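Everything on this sheet refers to the single structure shown next.
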Amino acid sequence: MNNYSMPKYFQNMPTIGKPVAAVNNENMEALKAIETDIHEAIKTVQAEGRSDESLNESGQMTALQRIAALVDKGTWCPLNTIYNPEGNDNGSTGIVKGLGRINGKWAVIVASDNKKLAGAWVAGQADNLLRASDTAKTLRIPLVYVLNCSGVKFTEQEKVYPNRRGGGTPFFRNAELQKLGIPVIVGIYGTNPAGGGYHSISPTLIIAHRKANMAVGGAGIVGGMNPKGHIEMEDAEQIIQNTMNAGKQNPPGSVSIHFNETGFMREVYQEELGVIEGIKKYIDMLPSYNLEFFRVDTPKPPKYSAEDLYSIVPLNQKKVYDMYEVLARLFDNSEFVEYKKGFGPEIIAGTAKINGLLVGVVANAQGLLMKYPEYRENAIGIGGKLYRQGLIKMNEFVTLCGRDKLPIVWVQDTTGIDVGDEAEKAELLGLGQSLIYSIENTDVPQFEITLRKGSAAAHYVLGGPQGNNTNAFSIGTAATEMYVMNGETAAIAMYSRKLVKDKKAGKDLQPTIDKMNELIAKFHGESRPKACAETGMVDEIVDMTMLRPYIEAFVESAYQNPKGICAFHQMLLPRSTRDFDSYTKR
């Protein structure tokens, strides 16, 4: 007997895709070489700082070991692993971050990287922490800190402390999450003074290791709270004495204070793993839906292997491919119901399933579009570019997804929005901003994959990470390229008039040509996958075979504790998409 609602709409949906005719070994090797380079960069970043062996010998687990003990096996989806916007020498922002399931419930997890300066707060970390709270807020799932933060790196305090997205902002974000009913749970290890102290006190619930402490200031700070602008010999002697005395005492804010006296610490554990088990215990207490409540079908894998993507998606940006074949490797049973097929043909929009959960999908079609767009005579449209009809279709589709409370997955490969007076008359500027308005008004979580190209303002309007209130996180692949415009276009825009001027003056053109080529090379280097991850244009570069696991993490998180619910029998999108007569005949 069928246990799922609306079977005529949600089960045995039309399928897409076909087996790959032949493996493209050259393309596969090129993509996997880039993935290997990313893997090596990640290994280098993770190895920086104190060795695993040294930490373990001192009785400490590393951040990665703590995470491995915390999350359900096979569910860890790292985010911002090599994010390093300020160019820190160790290649990171001093935290390990990602999505993981804890005893069956998804959470955003942030762990202080205690290999690096004992988990100090370094340049760029504040923004990374804000990205974590954005994800937790958008998905309405717990934010979990595995904290071991020695405070601010003093020699770079000007890069850490001030500004609107600086060191204090995450504390306000933690308060915001609690205001929204989203818990922030922290397990603390080691010494956490000053900024580290506020890290530990700003969450909802504090679980501590017996050697942990948290304080407004550390012992060294306590000894220097009356500054006079310089140090004299007498002061140096006093500092030496204070430091020696401090070493014989517990640092401020130890368990004896914050468990026995203030009661801020909810529980204290003797062993490191005890803290992890404590976090799990309190995660178990949190409300969440059984995902079966929202399922429309039995979970099924795609009909075709994700390994095929290495042959389907060309690394050569000028080569086209079939986006339907990509979608067929990502969603349940390769089923897909398309919304307004033929209208706005540069956009593929429709509904699919992930582990039996309904999701909206928007993707860029590729290839030539004959006699399109309609506002140009004898036009040939280019897949990946946005035109009037496609923008209208996306506005309608995301509005319906918002109305029906469906999370949205964007699979982006765009060269930008059509330009020129015809495009302006066709209102593309207004329709692009209308799409941003529609996305913001959906109030449902969204997830963006930059599969290949992410160019110009099209990147913004296609569910990009700029939508902080809707975009949970964004990922890229080994084929990802991101830029305002490609290098050649930029070089022409900057130097075309210079070339004309030099030509008229009879000057040698080669110096200008050399500058153009330098700019093209610069654009190329700054738009590559590794650069995109380091600067945060994407939250992670993942292997082609990992695209579906990240989608699974997103979709299951979105349904774990949604802000709103639309009953299946009250949804409009399925009814708007498919002809009812075709169902009654089934």
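These numbers come from the heavy atoms of this one structure, side chains and all, not from hydrogens, waters or symmetry mates. None of the values given here were measured: they were computed from a predicted structure.
Among residues two or more places apart in sequence or in another chain, the side chain to side chain contact (heavy atoms under 4.5 Å, CB included) test is passed with Thr298 by Tyr4, Lys300. Partners of Arg140 under the side chain to side chain contact (heavy atoms under 4.5 Å, CB included) rule, at least two apart in sequence or in another chain, are Ile182, Asn561, Lys563. In this view, Thr442 and Val398, Val444, Gln446, Thr470 satisfy the side chain to side chain contact (heavy atoms under 4.5 Å, CB included) rule, not counting sequence neighbours. For the side chain to side chain contact (heavy atoms under 4.5 Å, CB included) test, residues two or more places apart in sequence or in another chain that qualify with Ile283 are Ile102, Lys105, Pro142, Val144, Ile185, Ile279, Leu286.
Taking the side chain as every heavy atom from C-beta outward, Asn128 and Val110 never approach each other to under 4.5 Å. No side-chain heavy atom of Lys115 sits less than 4.5 Å from a side-chain heavy atom of Glu48. At least one side-chain heavy atom of Trp76 sits less than 4.5 Å from a side-chain heavy atom of Ile67. A 4.5 Å side-chain heavy-atom check between Arg575 and Met6 finds at least one atom pair inside the cut-off. For the pair Thr399/Asn441, no side-chain contact is recorded, criterion being any heavy-atom separation below 4.5 Å from C-beta on. Counting only heavy atoms from C-beta outward, the side chains of Met537 and His459 never approach each other to under 4.5 Å. The shortest side-chain heavy-atom distance between Leu386 and Ile347 falls under the 4.5 Å cut-off. Side-chain contact check for Arg66 versus Ile276: some heavy-atom pair is nearer than 4.5 Å.
In the model, Thr75 has no side-chain atom that pairs as donor or acceptor with a side-chain atom of Arg101 under 3.5 Å. Residues Asn355 and Arg548 have side chains that bring a donor and an acceptor to within less than 3.5 angstrom of each other.
Counting non-hydrogen atoms of neighbouring residues, nucleotides and ligands closer than 6.0 angstrom, the CZ atom of Phe172 reaches no more than 12 such neighbours.
Between Ser112 and Cys149, the shortest heavy-atom contact is OG-N, 3.9 Å. For the pair Asn114 and Met61, the tightest heavy-atom approach, listed with the atom from each and the gap, is ND2-O, 2.9 Å. The two atoms that bring Ala472 and Thr135 nearest to each other are O-OG1, 2.7 Å, heavy atoms only. Taking each heavy atom of Ala123 and Asn88 in turn, the nearest pair found is O-ND2, 2.8 Å. Considering every non-hydrogen atom in both Ser527 and Tyr483, the closest pair reads CB-CD2, 3.7 Å. Taking every heavy atom of both residues into account, Glu448 and Asn471 meet most closely at CB-ND2, 3.7 Å.
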Asp127 vs Arg131, salt bridge (charged side-chain N to carboxylate O under 4.0 Å, His left out): CA-CA, chis, key distance, verdict = CA-CA 6 Å; Asp127 186 77; Arg131 289 170 181 245; 3.0 Å; yes
inquiry  = Pair Tyr310, Asp543 - check side-chain contact (heavy atoms from CB on, under 4.5 Å), show working.
reply    = CA-CA 10 Å; Tyr310 291 106; Asp543 293 358; 4.0 Å; yes
task = Carefully, step by step, assess Glu176 and Lys179 under the rule salt bridge (charged side-chain N to carboxylate O under 4.0 Å, His left out).
result = CA-CA 5 Å; Glu176 180 190 22; Lys179 183 180 74 171; 5.7 Å; no
request  = Before giving the answer on salt bridge (charged side-chain N to carboxylate O under 4.0 Å, His left out), spell out for Glu346 and Lys393 the whole-Å C-alpha distance, their side-chain angles and the decisive distance to 0.1 Å.
outcome  = CA-CA 10 Å; Glu346 78 273 25; Lys393 179 162 74 172; over 6 Å; no
task = Could you give me the CA-CA distance, side-chain angles and deciding distance for Lys97 and Asn80, then say whether side chain to side chain donor-acceptor pair (under 3.5 Å) is met?
result = CA-CA 7 Å; Lys97 192 186 92 181; Asn80 299 110; 2.6 Å; yes
query = Are Ile188 and Val275 close enough, and set up right, to give a side-chain contact (heavy atoms from CB on, under 4.5 Å), and what steps lead you there?
reply = CA-CA 8 Å; Ile188 63 170; Val275 177; over 6 Å; no
task = I would like to know whether Asn469 and Glu440 meet side chain to side chain donor-acceptor pair (under 3.5 Å); could you show each step before the answer?
result = CA-CA 7 Å; Asn469 293 319; Glu440 182 69 12; 3.0 Å; yes
query = Given Lys303 and Asn333, is the side-chain contact (heavy atoms from CB on, under 4.5 Å) satisfied, shown in steps?
reply = CA-CA 5 Å; Lys303 282 187 172 183; Asn333 201 39; 3.6 Å; yes
request  = Go through the steps to decide whether Glu292 and Asn290 satisfy the test side chain to side chain donor-acceptor pair (under 3.5 Å), and finish with yes or no.
outcome  = CA-CA 5 Å; Glu292 199 67 21; Asn290 184 321; over 6 Å; no
message = Under the criterion side-chain contact (heavy atoms from CB on, under 4.5 Å), I'd like the reasoning laid out for Met544 against Glu35: C-alpha separation, chi angles, the key distance, then a yes or no.
response = CA-CA 9 Å; Met544 290 289 185; Glu35 290 179 351; 3.9 Å; yes
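If you take OG1 on Thr414 and CZ on Arg452, they are separated by 11.0 Å, rounding to the nearest 0.5 Å. Summarising the geometry, atom CD belonging to Glu481 is positioned 11.5 Å from atom OG1 belonging to Thr450; distances are rounded to the nearest 0.5 Å. Taken from OG in Ser202 to CD in Gln178, the straight-line distance is 7.5 Å, to the nearest 0.5 Å. Rounded to the nearest 0.5 angstrom, Thr535 OG1 and Glu86 CD are separated by 12.0 Å.
Listed for the Asn395 side chain is a donor-acceptor partner under 3.5 Å among the backbone atoms of Leu435. No donor-acceptor pair closer than 3.5 Å links the side chain of Asn27 to the backbone N or O of Ile312.
Ring orientation note: the planes of Tyr145 and His199 are tilted relative to one another, at an angle of 30° to 60°. Aromatic ring pairs are classed by plane angle as parallel below 30°, tilted from 30° to 60° and perpendicular above 60°; the pair Phe397 and Tyr339 is tilted.
Figure legend: cation-pi geometry between Lys353 and Phe10 absent, as NZ or CZ is not positioned both under 6.0 Å from the six-membered ring centre and within 45° of its axis.
Applying the ring pair (Phe, Tyr, Trp, His ring centres under 6.0 Å) test to pairs two or more places apart or on separate chains, those with a residue in residues 542-561 are Phe294-Tyr559, Phe447-Phe554.
Evaluated for a side chain to side chain contact (heavy atoms under 4.5 Å, CB included) with Val555, the options Leu139, Leu357, Leu358 yield exactly one hit, Leu357.
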Using residues 320-331 as the side-chain source, report each donor-acceptor pair under 3.5 Å to any protein atom, sequence neighbours left out, with the distance given to one decimal.
| from | atom 1 | to | atom 2 | distance (Å) |
| --- | --- | --- | --- | --- |
| Tyr321 | OH | Asp413 | OD2 | 2.6 |
| Asp322 | OD1 | Tyr324 | N | 2.9 |
| Tyr324 | OH | Glu338 | OE1 | 2.9 |
| Tyr324 | OH | Glu338 | OE2 | 2.9 |
| Tyr324 | OH | Lys341 | NZ | 3.1 |
| Glu325 | OE1 | Lys18 | N | 3.0 |
| Glu325 | OE1 | Arg329 | NH1 | 2.6 |
| Glu325 | OE2 | Lys18 | N | 3.4 |
| Glu325 | OE2 | Lys18 | NZ | 3.3 |
| Arg329 | NE | Asp308 | OD2 | 3.2 |
| Arg329 | NH1 | Glu325 | O | 3.1 |
| Arg329 | NH2 | Lys18 | O | 2.8 |
| Arg329 | NH2 | Asp308 | OD2 | 3.1 |

